[in-house]
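Only a predicted model underlies this, so the values are computations on that prediction, with no experimental measurement involved.
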Amino acid sequence: GYALAGLTYIAWSDQALEVLTSHNHALYRTLQTWKGWGYIVVTALLLWVVLRSSFSAIHRRMQEAQNAERRLRLALDAAGGIVWTATRKDKSFEVAIAGSIATELGLDHLSSMSIQDIRDRIHPSDLEAFASLHNDGGCSDQVTPQVVCRLLSASGAYRWLKIVPEKP
């Protein structure tokens, strides 16, 4: 659209200048220069307005997303929930923990843990169910089942956890 508008403006304005200047070459060149500067100024201002509006909309949406994430974390915290984010690292996963229950479970919520550190705390009877969370056998759009398993807490007792995964 920008290219089409620019080409149309240039073609139309060149013809208009020829008619207006009555073939006075010096006047034609002067007006061509002013026309070019004017075109640059006007299009730069229009592009600035469009980009400013777009960036403003993106900023508002980012703020809304951050507020929604903050509210979700607060709700999970109040409900005794935990958010952990597993990211692939060297054919394994690294887990970042957030939530008040992390302290009760003895999980380090200030730094990342390996998936093996968490697996070591899973009840032996629940290891197979836990392992199904990060198997790559399924398609990326396949729904991963929720897993209920027991995790060893800092007090030495097992605590039941329901893990609801979200595949990216």
Side-chain angles (χ1 to χ4, degrees), residues 1-103 107-118 130 132-147 161-168:
Y2 175 75
L4 183 61
L7 290 173
T8 303
Y9 168 75
I10 290 169
W12 174 82
S13 63
D14 283 350
Q15 289 177 355
L17 282 180
E18 279 186 39
V19 170
L20 291 174
T21 59
S22 302
H23 303 292
N24 180 344
H25 189 63
L27 180 59
Y28 178 79
R29 283 183 29 188
T30 302
L31 291 176
Q32 280 284 66
T33 301
W34 283 99
K35 178 186 79 146
W37 289 347
Y39 182 77
I40 289 171
V41 168
V42 168
T43 57
L45 286 173
L46 288 173
L47 289 173
W48 178 79
V49 167
V50 168
L51 289 174
R52 182 175 168 97
S53 172
S54 297
F55 287 139
S56 179
I58 289 170
H59 179 72
R60 277 192 311 275
R61 288 190 180 108
M62 286 295 294
Q63 289 293 332
E64 290 169 6
Q66 289 172 346
N67 288 338
E69 181 181 5
R70 183 181 52 77
R71 287 189 302 267
L72 173 63
R73 289 183 186 272
L74 287 171
L76 280 169
D77 226 16
I82 188 170
V83 176
W84 65 16
T85 307
T87 53
R88 189 171 285 286
K89 184 177 181 183
D90 302 327
K91 295 185 180 184
S92 185
F93 289 91
E94 188 174 81
V95 179
I97 308 287
S100 61
I101 196 172
T103 307
L107 301 174
D108 186 0
H109 59 85
L110 299 177
S111 63
S112 296
M113 301 174 65
S114 74
I115 199 75
Q116 186 60 47
D117 292 337
I118 295 174
F130 181 75
S132 72
L133 286 174
H134 51 272
N135 286 341
D136 290 331
C139 301
S140 62
D141 60 347
Q142 181 180 355
V143 176
T144 305
Q146 298 177 2
V147 173
L161 294 177
K162 180 179 183 180
I163 302 171
V164 182
E166 175 190 5
K167 284 193 175 183

- Message: So, taking the atom named CD in Glu18 and the one named CG in Asn24, what distance separates them when rounded to the nearest 0.5 Å?
- Response: 12.5 Å

- Task: Report yes or no: does Ser53 contribute a side-chain atom to a donor-acceptor pair with the main-chain N or O of Val49 at less than 3.5 Å?
- Result: no

- Item | Spacing of NE2 belonging to His25 relative to CD belonging to Gln32, to within rounding of 0.5 Å | 10.0 Å

- Task: Kindly say whether Leu4 contributes a backbone atom to a donor-acceptor pair with the side chain of Thr8 at under 3.5 angstrom?
- Result: yes

- Measuring from Asn67:CG to Leu72:CG, what's the distance to the nearest 0.5 Å? 12.5 Å

- Task: Specify the closest pair of heavy atoms between Phe130 and Val147, including all atoms of both residues, with the distance to one decimal.
- Result: N-CG1, 4.1 Å

- Task: Test Arg60 against Ser56 for side-chain hydrogen bond (donor to acceptor under 3.5 Å, both in side chains), laying out the working first.
- Result: CA-CA 6 Å; Arg60 277 192 311 275; Ser56 179; 3.0 Å; yes

- Query: To the nearest 0.5 Å, how far apart are CZ in Arg70 and CD in Gln66?
  - Reply: 10.0 Å

- Item | From Thr33 atom OG1 to Trp37 atom CH2, the distance as rounded to the nearest 0.5 Å | 6.0 Å

- Here the pair of heavy atoms bringing Lys35 nearest to Ile10 is NZ-O, 3.8 Å

- Message: For a quick test of reading the model, state the closest non-hydrogen atom pair linking Tyr28 to Leu17 and the distance between them.
- Response: CE1-CB, 3.7 Å

- Task: Please identify each residue that fulfils ring-ring contact (aromatic ring centres under 6.0 Å, His included) with Tyr9, with sequence neighbours left out.
- Result: Tyr39

